[in-house]
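Below is one structure; the comments refer to it alone.
Every heavy atom of this structure was used, including side-chain atoms; hydrogens, water molecules and symmetry mates were not.
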Amino acid sequence: MSFPLLTATAALPALGAVATAAVPAARRTAAKWLALLVSVATLVLAAIQLVRFEPGGARYQLTESHAWIKDFGVRYELGVDGIGVALIGLTALLIPFIIAAGWHDADPLETHSSRWRPTQGFFALILAVEAMVVLSFEATDVFLFYILFEAMLIPMYFLIGGFGDRAHSQGDEAAATQRSYAAVKFLLYNLVGGLIMLAAVIGLYVVAGSFSLNEIAAARASGSLHMATNTERLLFLGFFFAFAVKAPLWPLHTWLPNAMGEATAPVAVLITAVVDKVGTFAMLRFCLQLFPEASKWATPVIVVLAVISIIYGALLAVGQRDIKRLVAYASISHFGFIIMGIFAMTSQGQSGATLYMVNHGISTAALMLVAGFLISRRGSRLISDYGGVQKVAPVLAGTFLIGGLATLSLPGLAPFISEFLVLVGTFSRYPVAGVVATLGIVLAALYVLVLYQRTMTGPVKAEIQGMPDLKVRELLVVAPLIALLIFLGVYPKPLTDIVNPAVRHTMSDVHKKDPNPALEAAK
């Protein structure tokens, strides 16, 4: 039997979470280093996946399949396509930076405080989330995916509710109440979506007689599986609703600003750059592959909702006074681009959407982590409490600017090519949606540049005097992310080579071909 690489990539952070939680209470530093080493080792396994993955090979590779619950036909079935392996790489890449950035976020508030923060628990929960997210990108059994989809809510709930933004909530019971509210709202929204999905999962089993993605797809291709039109549409809506909550898509988005605003900056990155990608990934893997006709039926409405998300999120980002909530609303706008690209039903749109998932994760991590370093120094998330930072902390200001420019998709940085492909792919099939969505680019430039101008330029405020610049640990967190944004902005081919074959499979699932250019059609 070959080495179970996919299982190992998910099992390592899971075992690391248990080991980190078991570190003695007085050995906080040892727990941090253990978590960091486990996350780096997981990154190595993810890199091996990328090396062993053959873009021109079978659709699902490195597969594993074992009986699990035989009476119900549930299997422990894993496999990765180009989209899954790219997102596993993103997850494994970001977790070490998240851990390093949150190095002191769970330390005791006071040396001899009875309100001791469980450092070991904080890092163990991050590793637990990594394990579940990685396994969800690998799962090709629908029931297994559902279990992971729901289970990851538990550690995320405790990370949001138990480890809030220290700079904002020290000794503040009102802030603690807001944090609890954000955690409960996150949990309830996603649980409701998950329960609706559970009904659809059961319905799918009744209709198809299997939870295996491969078996269901093969049955559809051979013609042995027929779904009534209304049945397929109802099942599609059950799956899509859960994924739209996770993504998040307007109007199911309202939990995200609360969760990101009240969480620590590293946990905010974990939410939007890692966990939320499970929703958009699942739209490609499950919605389009299992329910191709229903996906095409729902496409016009979903494209409209995606455009609303783009404009709505950008407009609210422009009006924000809170730095972290601004990034949250910007992410809602960006997820609108991703979903629009997926349901544009063009190879350019879906390739751009997949690249956007990866590039948005990197750019949001860079911007939010630097924002977290800034907030920890000043002790405030309000934009109005800053001014003149670039004069006292030029490196911090410079990295903040690059992260912001990547967020607005400046040419030469990684998100640009993603956004360009999404817009081109959308315009070729839905020109009005493509044109309206470009307003999101203009608004992104507005909220990013205004944020930078208000926080980093102008007279140095008295509270900013003496603010230290980035430390070595903080530079080691931010510099690789910025380097990656530049590299993928100039040379995205390594990613496109992996992603494009998987996109072609998805286009084949929905029986769609790219529309011919107008000039070619006129000949």
Not counting sequence neighbours, list each pair that qualifies as a salt bridge (charged side-chain N to carboxylate O under 4.0 Å, His left out) and has a residue in [range].
{"range": "residues 79-88", "result": "D81-R285"}
{"range": "residues 40-60", "result": "R59-D509"}
{"range": "residues 486-503", "result": "K493-D497"}
{"range": "residues 286-299", "result": "E293-K296"}

T7 and Y76 side chains, donor-acceptor separation under 3.5 Å: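 Yes - a donor-acceptor pair under 3.5 Å links their side chains.
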Residues E130 and S39: side-chain donor-acceptor under 3.5 angstrom: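 Note: E130 and S39 side chains miss the donor-acceptor criterion.
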Would you tabulate the side-chain donor-acceptor contacts of residues 309-319 under 3.5 Å, counting partners in other chains and residues two or more places apart, or write 'none'?
{"from": "S309", "atom 1": "OG", "to": "W250", "atom 2": "N", "distance (Å)": "2.8"}
{"from": "S309", "atom 1": "OG", "to": "L305", "atom 2": "O", "distance (Å)": "3.3"}
{"from": "Y312", "atom 1": "OH", "to": "H253", "atom 2": "NE2", "distance (Å)": "3.4"}

Could you work out, with ring pair (Phe, Tyr, Trp, His ring centres under 6.0 Å) as the rule, every residue matching [X], not counting sequence neighbours?
{"X": "Y146", "answer": "none"}
{"X": "Y329", "answer": "none"}
{"X": "F97", "answer": "none"}
{"X": "F211", "answer": "F143, Y205"}

Exceeds 12 heavy-atom contacts within 6.0 angstrom, atom CZ of F158: no
Test side chain to side chain contact (heavy atoms under 4.5 Å, CB included) applied to R75 - qualifying residues, sequence neighbours left out: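 R75 satisfies side chain to side chain contact (heavy atoms under 4.5 Å, CB included) with S65, A67, E77, D141 only.
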By side chain to side chain contact (heavy atoms under 4.5 Å, CB included) - contacts of L187 (at least two apart): L153, Y157, L191
Show the atom names and distances, to 0.1 Å, of all donor-acceptor pairs under 3.5 Å that link a side chain in residues 436-443 to residues at least two apart or in another chain.
{"from": "T438", "atom 1": "OG1", "to": "V435", "atom 2": "O", "distance (Å)": "2.4"}

